[in-house]
Each structure stands twice: as structure tokens, then as C-alpha cells.
Amino acid sequence: MKQIVILISGTGSNMAALVRAAEREDWAGRLDARIAAVISNRPGARGLQTARDAGIATAVVDHQAFDGREAFDAALMAEIDRHAPSLVLLAGFMRILTPGFVAHYAGRLINIHPSLLPAFPGLHTHQRALDEGCKLAGATVHHVTAELDHGRILEQAAVPVLPGDSADTLAARVLTQEHLIYPRAVADLLLNM
Ligand code: NHR
Ligand code: GAR
């Protein structure tokens with residue numbers, strides 16, 4: 001059985017969607033792997049409790065306890081590699097990773113980003129889409145490379161921007177689609193590994 005490690009920083013709703021897909025009995029949409037661990041860089045991340053409730057091992061590697069990105073990434077790598085994962089999935093993970101980290105997981109490091117890449121890499125995507133007057137927004141599942149939010153695209157979903165949207169209402173609409181495309185993209189990847 002292939003192993004997956006998921007990195008989070010907050011709520012972990014995408015992580016929970018991936019866990020549900022791995023628990024599915026029916027073949028359709030099933031994620032054929034075991035979620036070996038959920039790791040957060042924030043000790044207070046709500047997703048840690050969600051993962052524990054699902055019986056999944058959790059760990060915290062607090063970036064604030066390290067002197068610089070290289071040291072943090074080295075500790076994070078050590079924690080991940082205990083599980084010998086086939087895939088490492090960023091799911092609302094909020095720390096930029098060093099080129100060394102990305103190279104170590106080349107081809108097996110995946111992210112979900114809340115915009116229709118290549119539009120709006122980086123942070124505050126929903127407010128930026130509203131400010132530009134975008135009529136469509138969405139999310140992208142992509143390979144992680146050293147250049148932020150620039151790796152090859154695996155899946156995308158678009159949603160309409162509606163009159164009266166705030167960044168929060170738009171984010172919620174995008175998030176419902178994230179929960180569909182992330183498990184699907186990972187399931188497809190696993191079938192071809
Ligand atoms: N690392 C690399 N090398 N490449 C990518 O494509 C990455 C990545 C790390 C995270 C997710 C991401 C996103 O989907 C991601 C993609 C955090 C920041 C950021 O600026 C930007 C993009 C993403 C995640 N983080 C600040 C930092 O200094 C901290 C912000 C905070 O803690 O709230 O690392 O958009
Ligand atoms: C999701 O919308 C995800 O795409 C986004 O944060 C949210 C996390 O929600 N990721 C980023 O903004 C990365 N910079 P979740 O914790 O409930 O999955």
C-alpha cells in the first residue's frame with residue numbers, strides 16, 4: 001500500500017476530503033493509498049484534531065522554533081521521511097519551501113492553490129480576483145517546484161464570481177470545488193505510479 005503524508009497549517013478541510021477519499025469502499029473516486037500522517041507547522045491548527053479523530057498519526061514541526069527556512073525544512077523532511085511516502089500533499093500549508101526540500105520530493109510533491117493558475121500565484125488570491133473584476137475564479141492542483149505556484153497543472157475547477165461576493169463568500173464557493181478536485185487528482189496520480 002502506498003503511503004501519503006499531508007502538510008497543513010489550519011482548518012484542514014482539504015485534508016479531511018483526502019482522508020474520506022482514502023476510506024471509500026467503492027472503487028469510483030477511491031484514493032488507493034493510506035494517509036500515514038498529517039503534519040502541521042502550526043501547533044494550534046484545527047486540522048490536527050480532525051486527523052486524530054480519524055485515527056491518523058499527527059506531528060507538529062513549528063517553524064517558529066527554527067532559525068531560518070533551511071533548518072525548518074530539514075526538520076520537516078526528517079518527520080515526513082519516517083513514513084516513506086509516495087506522495088507529499090500540501091493542503092492549506094502556508095510556508096514557502098526551500099529549493100532543497102522541493103528537489104528532495106521531486107515529482108511527488110503536490111499543492112492545491114485557490115486560484116486559476118497561472119493567474120494569482122501567492123497569497124490573498126480571492127481579494128485580488130475581486131479587485132481585478134474577474135468573472136471566474138477557481139482552484140488548481142499542481143506539482144510543487146522551486147518557483148512558487150508554477151509547477152505543472154493536474155486539475156482545475158472554475159466557479160462564477162457573483163455580484164456582492166466578498167473574499168470570504170468567494171473562498172467558500174471555491175473551497176467546495178477544492179474538495180472535489182484534490183482527491184480526484186491524487187487518485188489519478190496514484191493510478192499512474
Ligand atoms: N513552496 C514552493 N517552493 N513552491 C510552491 O509552489 C509552494 C511552496 C509552499 C507552499 C502553497 C502556497 C499556495 O498555494 C505552497 C506552494 C504560502 C505562501 C507564503 O507566502 C505562498 C504560497 C503558498 C503558501 N507564505 C509566507 C512565508 O513567508 C507565510 C505566510 C503565513 O504564514 O501566513 O512562507 O499559495
Ligand atoms: C484552501 O482554500 C487552500 O487552497 C488554501 O487555503 C485553504 C485551506 O483550507 N491554500 C492556500 O492559500 C495556500 N497558500 P483547508 O485548511 O480547510 O484545507
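Both counts, for ligands and for their atoms, begin at 1 and track the order of listing.
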Which protein heavy atom lies closest to atom 4 (O) of ligand 2, and at what distance to 0.1 Å? Glu178 OE1, 2.7 Å
Between the side chains of Thr140 and His142, does any donor sit under 3.5 Å from an acceptor? no
Nitrogen or oxygen atoms of Asn14 and ligand 2 under 3.5 Å apart: yes
Which residue from Leu90, Asn41, Leu123, Asp149 reaches closest to atom 18 (C) of ligand 1 through any of its heavy atoms? Leu123
For Gly12 and ligand 2, answer yes if some heavy atom of the residue is under 4.0 Å from a ligand atom, otherwise no. yes
In terms of residue, atom name and distance, what is the protein heavy atom nearest to atom 23 (C) of ligand 1? Leu148 CD1, 4.2 Å
A student checking ligand 2 against Ser13 at a 4.0 Å heavy-atom cut-off should list atoms 15 (P), 16 (O), 17 (O), 18 (O)
SG/Cys134 to CG/Asp165 distance, rounded to the nearest 0.5 angstrom? 11.5 Å
Looking at Ser86 and Lys2, would you say the former's side chain and the latter's main chain have a donor-acceptor pair under 3.5 Å? no
Does Thr98 have a non-hydrogen atom less than 4.0 Å from ligand 1? no
Under 4.0 Å from a heavy atom of Gly122: give me the atoms of ligand 1 that qualify, with their elements. 35 (O)
Closest to atom 10 (C) of ligand 1 (heavy atoms only, candidates His150, Arg69, His63, Arg95) is Arg95
Using heavy atoms and a 4.0 Å limit, tell me yes or no: is Ile8 in contact with ligand 2? no
What protein heavy atom lies closest to atom 24 (C) of ligand 1? Include the residue and the distance to one decimal. Phe93 O, 3.5 Å
Does Arg46 have more than 12 heavy atoms from other residues, nucleotides or ligands lying within 6.0 Å of its CZ? no
Relative to the heavy atoms of Ile112, which atoms of ligand 2 are at a distance of less than 4.0 Å? 4 (O)
Quick test: of every protein heavy atom, which one is nearest to atom 13 (C) of ligand 2, and how far off is it to 0.1 Å? Met94 SD, 3.5 Å
At what distance, to the nearest 0.5 angstrom, does CG of Leu117 lie from CD of Gln156? 7.0 Å
the protein heavy atom lying closest to atom 2 (C) of ligand 1 turns out to be Thr145 O, 3.5 Å
Mind telling me whether Phe93 and Phe72 have parallel, tilted or perpendicular rings, with 30° and 60° as the class edges? parallel
Identify the closest protein heavy atom to atom 11 (C) of ligand 1: which residue and atom is it, and at what distance? Asn111 ND2, 3.4 Å
Nearest neighbour in protein (non-hydrogen) for atom 1 (N) of ligand 1: Leu97 N, 3.1 Å
Could you check whether any side-chain heavy atom of Glu70 comes within less than 4.5 Å of a side-chain heavy atom of Phe101, counting everything from C-beta outward? no
For atom 33 (O) of ligand 1, which protein heavy atom lies nearest, and how many Å away is it? Arg42 NH2, 3.8 Å
Does any N or O of ligand 1 fall below 3.5 Å from an N or O anywhere on Val102, backbone included? no
What's the shortest distance from atom 6 (O) of ligand 2 to any protein heavy atom, and which residue and atom give it? Gly92 CA, 4.0 Å
List ligand 2 atoms under 4.0 Å from Leu175, heavy atoms only on the residue side. 1 (C), 2 (O)
Among all protein non-hydrogen atoms, which one is nearest to atom 19 (C) of ligand 1, and what is the separation to 0.1 Å? Ile96 CG1, 3.6 Å
About how many Å separate CD of Glu23 and CD1 of Ile35, when rounded to the nearest 0.5 Å? 8.5 Å
Atom indices of ligand 1 within 4.0 angstrom of Val144 heavy atoms, with elements: 2 (C), 4 (N), 5 (C), 6 (O)
Can you get from Val5 to Val186 by hopping between Ile, Leu, Val, Met, Phe, Trp and Tyr side chains that sit under 4.5 Å apart? no
Answer side chain, backbone, both or neither: which part of Ala146 comes under 4.0 Å from ligand 1, heavy atoms only. backbone
Residue pair Phe66 / Val61, side-chain heavy-atom distance below 4.5 Å: yes
Would you indicate whether the side-chain heavy atoms of Thr58 and Gln49 approach each other to under 4.5 Å? no
So which heavy atom on Ala57 is nearest to which on Ala36, and how close? CB-O, 3.7 Å
Quick look: Phe101 vs ligand 1, heavy-atom contacts under 4.0 Å, and the answer is neither
Once you round to the nearest 0.5 Å, how far does CG of Leu48 lie from CD1 of Ile56? 11.5 Å
Within the supplied structure, the quantity of interest is the number of heavy atoms (other residues, nucleotides, ligands) at a distance under 6.0 Å from Asp131 CG; does it exceed 12? yes
Should the proximity of Thr125 to ligand 2, defined as any heavy atom under 4.0 Å, be assigned to the side chain, the backbone, both, or neither? neither
Between Asp32 and Arg30, is any pair of side-chain heavy atoms under 4.5 Å apart? yes
For atom 30 (C) of ligand 1, state which one of His124, His143, Met94, His113 supplies the nearest heavy atom. Met94
